[in-house]
Amino acid sequence: MKSSSPDSSEALMTLVSTLAGQTLGQLAARASLSIPARATAAKGWIGQLLEYHLGAEAGSKAIPDFPSLGIELKTIPVNALGNPLETTYVTTVNLDSLPGQTWLTSPVYQKLQQVLWVPIEGDPKIPLAARRIGQAILWTPTSEQARVLQQDWQDLVDLILLGNFETLTSQLGTYLHIRPKAAHGKILQTTEHHAQTLPRGFYLRTALTREILK
DNA sequence: CTATGATCATGA
DNA sequence: TCATGATCATAG
């Protein structure tokens with residue numbers, strides 16, 4: 001049975017706290033889902049499993065997972081120490097809507113206003129079904145975190161708007177950076193300056209998520 | 001195709 | 001070892 005959507009952040013936190021300590025195998029069984037056999041086939045599967053149990057209703061729409069609460073759900077793989085193993089995808093770099101956009105109107109800012117982080121054991125040595133869910137954290141950027149994020153975003157967007165894709169490397173950005181985001185390497189999109197470039201996305205570095213989780 | 005959800009796999 | 005660049009699954 002699919003959970004109904006929580007009607008308050010308190011209800012959501014109560015609900016997610018009941019999942020802490022459970023394994024993905026237990027959650028999958030309750031959702032009548034099978035465990036992906038291959039690791040590559042599991043990408044995104046954990047996130048969707050959590051969406052199901054928490055009653056997220058946004059589906060594949062470009063809105064928060066809990067629209068009425070303005071809360072975005074993110075699962076994050078962690079090691080035995082509770083530190084993140086991966087960067088976190090935020091949103092696509094949309095070349096058409098960037099011009100005229102400001103930090104406050106940007107999808108990055110809006111998505112990161114309230115994030116429910118659910119840490120999950122991510123050590124590849126642990127079988128998928130045995131991985132346990134940790135204690136969730138409802139996060140809003142601190143003023144310092146927000147300041148750095150805004151600086152990163154502005155720097156990156158400036159490069160794009162100038163058409164400097166050659167210098168737009170993944171090394172840029174303290175907390176936020178830009179990397180390819182596509183089904184495969186042959187997809188291209190057209191820039192404002194009529195050049196062809198790989199679709200990219202905004203990602204959060206582990207430097208930030210490590211701060212959030214500790 | 002684009003959006004969502006992410007992690008894989010390789011090279012530095 | 002770990003970050004970058006590439007890729008995988010699903011829904012619409």
Side-chain angles (χ1 to χ4, degrees), chain A residues 2 5 16 24 27-28 31-67 71-81 83-98 106-108 110-112 115-129 131 133 136 152 156 159 165-191 196-210 213:
Chain A
K2 189 182 195 311
S5 192
V16 74
L24 296 181
L27 260 57
S32 301
L33 293 175
S34 54
I35 308 275
R38 292 163 29 253
T40 54
K43 293 184 183 181
W45 180 80
I46 298 176
Q48 285 158 6
L49 182 62
L50 268 288
E51 286 180 352
Y52 177 92
H53 282 278
L54 294 176
E57 56 191 341
S60 64
K61 296 196 283 287
I63 56 176
D65 295 294
F66 301 97
I71 294 175
E72 177 77 12
L73 174 67
K74 293 285 182 198
T75 61
I76 183 158
V78 296
N79 63 16
L81 300 175
N83 288 325
L85 291 169
E86 290 286 350
T87 53
T88 303
Y89 171 66
V90 180
T91 191
T92 306
V93 177
N94 186 326
L95 298 176
D96 297 323
S97 61
L98 271 186
S106 70
V108 175
Q110 296 183 357
K111 287 213 175 198
L112 296 182
V115 181
L116 182 63
W117 296 96
V118 183
I120 308 212
E121 287 178 331
D123 186 335
K125 292 197 289 290
I126 306 173
L128 209 49
R131 296 187 194 177
I133 296 164
D152 286 344
L156 294 166
L159 279 182
F165 283 91
E166 312 75 36
T167 53
L168 180 66
T169 78
S170 306
Q171 282 83 353
L172 296 172
T174 303
Y175 286 159
L176 190 70
H177 71 156
I178 288 179
R179 298 221 304 284
K181 168 70 164 107
H184 55 82
K186 291 177 180 170
I187 294 178
L188 293 175
Q189 61 181 353
T190 304
T191 72
Q196 295 290 114
T197 188
L198 213 53
R200 297 159 208 249
F202 287 102
Y203 291 78
L204 296 179
R205 292 187 183 279
T206 53
L208 176 58
T209 46
R210 191 163 52 238
L213 294 178

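Protein chains get the first letters and strands the later ones, always in sequence-line order, with residue 1 at the start of each. Since the model is a prediction, treat every value here as computed from it, not as a measurement.
Rounding to whole angstrom units, NZ of residue A/K111 and C1' of B/dA6 are separated by 12 Å. As a whole-Å value, the separation of A/F165 CZ from C/dG5 C1' is 16 Å. To the nearest angstrom, P of B/dG5 lies 18 Å from NE2 of A/H53.
The residue A/A182 sits close to a base: some heavy atom pair falls under 4.0 Å. Using a 4.0 Å heavy-atom criterion, one finds that A/G44 contacts the bases of the nucleic acid, with or without backbone contacts as well. No contact: A/I46 has no heavy atom under 4.0 Å from any strand. Across all strands, A/L85 comes closer than 4.0 Å to no nucleic acid atom at all (heavy-atom distances). Within 4.0 Å (heavy atoms only), A/P36 reaches no atom of the nucleic acid at all. Looking at heavy-atom distances under 4.0 Å, A/Q189 makes no contact with the nucleic acid at all.
The two residues A/T87 and A/T206 come nearest to each other via the heavy atoms N-CG2, 4.0 Å. Minimum interatomic distance between A/L168 and A/R200 (heavy atoms only, all atoms of both residues): O-NH1, 3.7 Å.
If you check distances only, the side chain of A/K61 never reaches the base of B/dT4 with a donor-acceptor pair under 3.5 Å. Scanning atom types as modelled, no donor and acceptor separated by under 3.5 angstrom connect the side chain of A/K181 and the base of C/dG5. Side-chain N/O atoms of A/Y203 and base N/O atoms of B/dA6 include a donor-acceptor pair closer than 3.5 Å.
Residue A/T197 forms a side-chain contact (heavy atoms from CB on, under 4.5 Å) with just one option from A/L95, A/L188, A/T190, and that option is A/L95.
Closest-nucleotide positions on DNA chain C for A/T40 and A/H177 were compared, and the one nearer the 5' end corresponds to A/H177. Each of A/R131 and A/L188 was matched to the nucleotide of DNA chain B holding its nearest heavy atom; the match closer to the 5' end belongs to A/L188.
Comparing C/dT7, B/dA6, C/dT4 by their nearest atom to the side chain of A/H184 picks out C/dT7.
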